[in-house]
Structures are given as C-alpha cells and as structure tokens.
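Reading through the structure tokens given below for one structure.
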Amino acid sequence: MKIHLNQLSHTYDVEVLSNLSLDLEGYSSVAIIGVSGSGKSTLIRLMSGLEKPTSGSISVNGHEVDEEAYRKKIGFVFQNHNLFPHLTLKQNITLVLEKTRGFDKEEASIIAEKYLGMLHLEDQLYKLPKNVSGGQAQRASIARALSINPDIIFLDEPTSSLDPILTDEVLRAVEELKGLGKDFIFVTHVMGFVRDFADYVIFMDKGKIVEQGSPSILDHPQTKELYEFMRKVR
Ligand code: ADP
Ligand code: MG
C-alpha cells in the first residue's frame, strides 16, 4: 500500500500529533507502537478517516481518506470487540452486509459463514457475544471487518483486553490472514507479533514519529525513547 502523511497535526485540548510527515510505499503490514498516550490511536483513526485532522493531509493508496470510496474499502477492529450484544456472531455480520452493502439474506449468510469459518468460529455462529470468550468475540469482529472485502484492515490494540492465551489465539488468527492479499495497519504492544507480522514499524513518542523502519529497529534502537520503550515491553 501507499501511505502519505503531509504535515499532519491533531489537537484535542492539547496537541497530540505534531507535524507528522511520512511516505511509505510497498509495505503491506504496518505496525504502530509506542507508550500509552503517544498518539497511536489518534493516528490510526485519522488514517482510517474515522476522524479529521486539525491540519495537514493524509492519502492512502492515492485516495484522500475522507473520500467515500476509501471509507467503503477499509475495515476497523477496535480495542473492544464492538459487536452488537443482542445479535449472534453471524447476525453481527449479516446485518452489516444487508443494511450497508446491499447483499440479500442468502448471500450475506454465505459470506458471514465464510469469514467466521476463516477465524475458526464455525461452531459459534449462533451464539451471542456474551456467551463466547473475549478471544472469540474479537475474532468475530475481525471476521466482520473482513466480510465487507476491504483493501485495508485497521486494528487498534485488538488484544489489549485479553489474557496472554487469548491474545496469542487472536494474533495467530490474524497471521493466517496474510495470504488474503489485504493490507494491515495495526497498533499493538505485542512485540513478538510485530516481529512476525509487520514489514514496517512506526515508533511514536509524544505525538511524533521518533523511529521507523523494518522490525529490526526493535533490536537496534537509535533513540533513548525506543530503547526505554523496548525495556518496558520486553
Ligand atoms: P495512544 O493510543 O498512543 O494511547 P491516543 O491517540 O489515544 O494515544 O491519545 C493521545 C493523547 O490524546 C492522550 O493524551 C489522550 O489523552 C488524548 N486524547 C485522545 N483522544 C482524545 C479525545 N477524544 N479528547 C481529548 N483528548 C484525547
Ligand atoms: Mg490507543
């Protein structure tokens, strides 16, 4: 994919992203790492077009991220699964496909089962989110993101509310998606996953990109900030 950030800044009550510029081309799996509060979620939300920057511009694959055409071709997986609590895992997907993508019931059913199966949930189709594990619910939300056939999937700390076993289960399932030919932009604190899955890493600190490059930057920090971060997460 191609990512272009041009002097991007974002302010809530204080400035949380300051003047980021970035030009990436040819990577398919970009990790954003950094301590809590460094601006990772803000950046990923801006890149997905969920929120508008205070100033500067963002284009991804040649589209300005506020274009309708772009918004229709991305999926977003949040920290907490965000599934509708009163719908089964399958209905959580068929509803989206029928209401927002114009699929009929039968098509929606086939697509929902295909992606839930891909995330190893074929025997959980008719359960409510509260009756499955946190890892299963999070995998269902990944299946939902995939079901609209996006070009890019954004994941913002998809395992932050899970224990280590469920974290591993979710991240392995994501790794299995590599063959789908989708692009991924994700925030995580699991450095093993960054090493295995990312082909580019952006390290943020206090609203700036402080280091970037291949996952090998994790092993050879050039800045005090990344060095300290790696000591904490390891
Ligand atoms: P990270 O994901 O790296 O933890 P965030 O992008 O969530 O960082 O937050 C960066 C900073 O912006 C934090 O100081 C946070 O408190 C602040 N912030 C995030 N979202 C909002 C918001 N909606 N309103 C006000 N401040 C916010
Ligand atoms: Mg965050």
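Atoms considered below: every heavy atom in the structure, side chains included; atoms not considered: hydrogens, waters and symmetry mates. Every number for a ligand or one of its atoms is a count from 1 in the order of the listing.
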Check your understanding: For ligand 1, is V35 a contact, meaning one of its heavy atoms is under 4.0 Å away?
Key -> yes

Check your understanding: Is there any side chain to side chain donor-acceptor pair (under 3.5 Å) pair reaching into residues 96-112, and which pairs are they, with sequence neighbours excluded?
Key -> K90-S109

Exercise for review: Could you check whether the rings of Y12 and H10 sit parallel, tilted or perpendicular, using 30° and 60° as the cut-offs?
Suggested key: perpendicular

Review point. So which heavy atom in the protein is nearest atom 4 (O) of ligand 1, and how far is it from that ligand atom?
Key: G37 N, 2.7 Å

Exercise for review: Using a distance threshold of 4.0 Å (strictly less than), state whether atom 12 (O) of ligand 1 has a protein heavy-atom neighbour.
Suggested key: yes

Review point. Hey, does E157 come in under 3.5 Å of ligand 1, counting only N/O atoms on both sides?
Key: no

**Study point:** Pairwise side chain to side chain donor-acceptor pair (under 3.5 Å) hits with a residue in residues 30-41, at least two apart
**Key:** S41-D156

Point to revise | Taking atom 8 (O) of ligand 1 as the reference point, the nearest protein heavy atom with its distance | key: G39 N, 3.2 Å

Check your understanding: Under 3.5 Å, is there a donor-acceptor pair linking the side chains of K208 and N19?
Key -> no

**Study point:** Mutual orientation of the aromatic rings belonging to F184 and F197 [parallel < 30°, tilted 30-60°, perpendicular > 60°]
**Key:** perpendicular

Exercise for review: Output the rest of the hydrophobic cluster of F84: all Ile, Leu, Val, Met, Phe, Trp and Tyr residues reachable through side-chain heavy-atom contacts under 4.5 Å, sorted by chain and number.
Suggested key: L87, L95

**Study point:** side-chain contact (heavy atoms from CB on, under 4.5 Å) between L125 and L89, worked out
**Key:** CA-CA 5 Å; L125 304 178; L89 301 190; 5.9 Å; no

**Study point:** Stepwise side chain to side chain donor-acceptor pair (under 3.5 Å) test for E169 and H120
**Key:** CA-CA 10 Å; E169 171 196 295; H120 311 299; over 6 Å; no

Review point. When you look at NZ of K52, are more than 12 heavy atoms from neighbouring residues, nucleotides or ligands closer to it than 6.0 Å?
Key: no

Check your understanding: In total, how many protein N/O/S atoms does one find closer than 2.8 Å to the Mg ion (ligand 2)?
Key -> 1

Exercise for review: Indicate yes or no: does R71 engage E68 in a salt bridge with an N to O separation below 4.0 Å.
Suggested key: no

Check your understanding: Of all the non-hydrogen atoms in the protein, which one sits nearest to atom 6 (O) of ligand 1, and at what distance?
Key -> T42 OG1, 2.5 Å

Review point. Considering all protein heavy atoms, does one lie under 4.0 Å from atom 15 (C) of ligand 1?
Key: no

Point to revise | Sub-4.0 Å heavy-atom approach of S38 to ligand 1 | key: yes

**Study point:** Top protein contact for atom 23 (N) of ligand 1, by heavy-atom distance
**Key:** Y12 CE2, 3.6 Å

Check your understanding: Got the closest protein heavy atom to atom 7 (O) of ligand 1, with its distance?
Key -> S41 CB, 3.6 Å

Review point. How close does the nearest protein non-hydrogen atom get to atom 3 (O) of ligand 1, and which residue and atom is it?
Key: K40 NZ, 2.7 Å

Check your understanding: When you look at Q212 and Y200, which way does the side chain to side chain donor-acceptor pair (under 3.5 Å) test go after all the steps?
Key -> CA-CA 7 Å; Q212 54 181 306; Y200 201 85; 2.8 Å; yes

Exercise for review: Say whether S141 and Q138, considering side chains only, have a donor N or O and an acceptor N or O under 3.5 Å apart.
Suggested key: yes

**Study point:** Numbered atoms and elements of ligand 1 in range of S36, under 4.0 angstrom, heavy atoms
**Key:** 4 (O)

Review point. Considering only heavy atoms, does V16 approach ligand 1 within less than 4.0 Å through its side chain, its backbone, both, or neither?
Key: side chain

